[in-house]
Amino acid sequence: MTLRGKSFLKLLDFSSDEIMELILLAEDFKRRKKTGIPHRLCEGKNIALIFEKTSTRTRCAFEVAAADLGMKTVYLDPAGSQIGKKESIPDTARVLGRMFDGIEYRGYGQEIVEELAAYSKIPVWNGLTNECHPTQVLADLMTAHEHFGSLKGKKLVFFGDTRYNMCNSLMVGCAKLGINFTACAPEKYFPYPGLVDKCEKIAKETGSVISLETDPLKAAANADMIYTDVWVSMGEPDEVWSERINDLTPYRVTDGIMRSAGCNCLFMHCLPSFHDLGTSVGKEIFRKFGIDCMEVTDEVFESKQSVVFDQAENRMHTIKAVMAATLADL
Ligand code: CP
Ligand code: NVA
């Protein structure tokens, strides 16, 4: 694999083989970690972690993976830097590019992370933008690969807001690896047609099918993976909650949907998830709308078919693979 010096901004930039090799590298790192074999392949390097939105998994995954690879991290929180407020992205990128070996960026528009990469001249890794969440999808595909042993010909169905980062990146990842992909939502929540076209072209080459469906039970039939995400993403205004709850409640992942898929189907979620009243937002929604879960029922979330914590763990192994592949000679 020759990804040294390359940024990881979106899955469209990578070939099917490169994506699969990153997954296999992550599986190898997981074995090394579990058996205590050191893998300090980036000893002495320094990376910056920029978070303009909050995070638990992505930040921890970058921090732990960097430490395992022998690197030091500097964390820049949403309020603690000049980025975008007193200093432009090109200027920030050129400053950080002089000090660091790599930059992780989580924030808003995809154009910001693309600009950071263009100006910093060092590898930049996308830790989530409004449009893409590529490191999450690597972890999801790794989880499915561990579970099924192979990915080609499987079927993944995404329920919910199919216009946002998670569905976009899953659709690309599935197309690249020959996984049949269905986006299931009301029509007005369907993904951007330009991206669907691109994915259909890729899917044709890899032998899979991309489809859009409004009927949840029809979409779920014979699925190998059912995936959902929060109905309101970070950075969206509170005012959209009411409309989303109204429009997307029929697309909640329930026992009925899982039964339509069959008992071997995995339930997947990038997390965090509103599946109970264990969060302040969940409680507030219950008070206002009288519902005790949103995109998935607690029953499905806690079921044997749920692999959500495997996905969360695999964030660390896949992010490690991305950093090692782009910073070290493997
Ligand atoms: N899935 C994910 O990106 O989680 P965090 O927001 O906690 O990083
Ligand atoms: N769509 C979600 C994903 C969180 C990992 C968001 O952007 O908030």
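Only this structure's heavy atoms are used, side chains among them; waters, hydrogens and symmetry mates stay out. Whatever order the structure lists them in is the order used to number ligands and atoms, beginning at 1.
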Could you tell me if the ring centre of Tyr227 sits under 6.0 Å from that of His269?
no

Arg106 near ligand 1, heavy-atom distance under 4.0 Å?
yes

Considering distance alone, does some N or O of His133 sit under 3.5 Å from an N or O of ligand 2?
no

Based purely on interatomic distance, does Pro272 place a nitrogen or oxygen under 3.5 Å from a nitrogen or oxygen of ligand 1?
no

Quick test: of every protein heavy atom, which one is nearest to atom 2 (C) of ligand 1, and how far off is it to 0.1 Å?
Arg315 NH1, 3.3 Å

Element-labelled atoms of ligand 2 that are located less than 4.0 Å from some non-hydrogen atom of Leu271:
5 (C)

Quick test of your reading of the model: are Arg32 and Asp68 salt-bridged, counting only N-O distances below 4.0 Å?
no

Nearest 0.5 Å, please: how far is CG in Leu151 from OG1 in Thr206?
11.5 Å

What distance separates Ile112 CD1 from Gln110 CD, expressed to the nearest 0.5 Å?
9.5 Å

Look up atom CG in Leu49 and atom OG1 in Thr73, then write down how far apart they are to the nearest 0.5 Å.
5.0 Å

For the 3.5 Å polar cut-off, considering only N or O atoms, please tell me whether Asn165 and ligand 2 meet it.
yes

Determine, for Lys201 against Glu205, whether the closest basic-nitrogen to carboxylate-oxygen distance falls under 4.0 angstrom.
no

Tyr164-ligand 2 polar pair, N/O distance under 3.5 Å:
no

Using a 6.0 Å distance limit plus a 45 degree cone around the ring axis, check whether Lys176 lies over the aromatic ring of Phe14.
no

Out of Arg57, His133, His269, indicate the one that has the non-hydrogen atom closest to atom 3 (O) of ligand 1.
His133

Side chain, backbone, both or neither: the part of Leu128 lying under 4.0 Å from ligand 2 by heavy atom
side chain

Backbone or side-chain N or O of Leu271 under 3.5 Å from ligand 1 N or O:
yes

Do any nitrogen or oxygen atoms of Gln136 come within less than 3.5 Å of a nitrogen or oxygen of ligand 1?
yes

Between Asn130 and ligand 2, which residue portion shows a heavy-atom distance shorter than 4.0 Å: side chain, backbone, both, or neither?
neither

Looking only at protein heavy atoms, which one is nearest to atom 7 (O) of ligand 1, and how far off is it?
Thr56 N, 2.7 Å

Please could you name the atoms of ligand 2 that Met234 approaches to less than 4.0 Å, counting only its heavy atoms?
6 (C), 7 (O), 8 (O)

When the aromatic ring centroids of Tyr75 and Phe51 are compared, is their separation below 6.0 Å?
yes

Determine, for Phe181 and Lys155, whether the Lys NZ or Arg CZ falls below 6.0 Å from the six-membered ring centre while staying within 45 degrees of the axis.
no

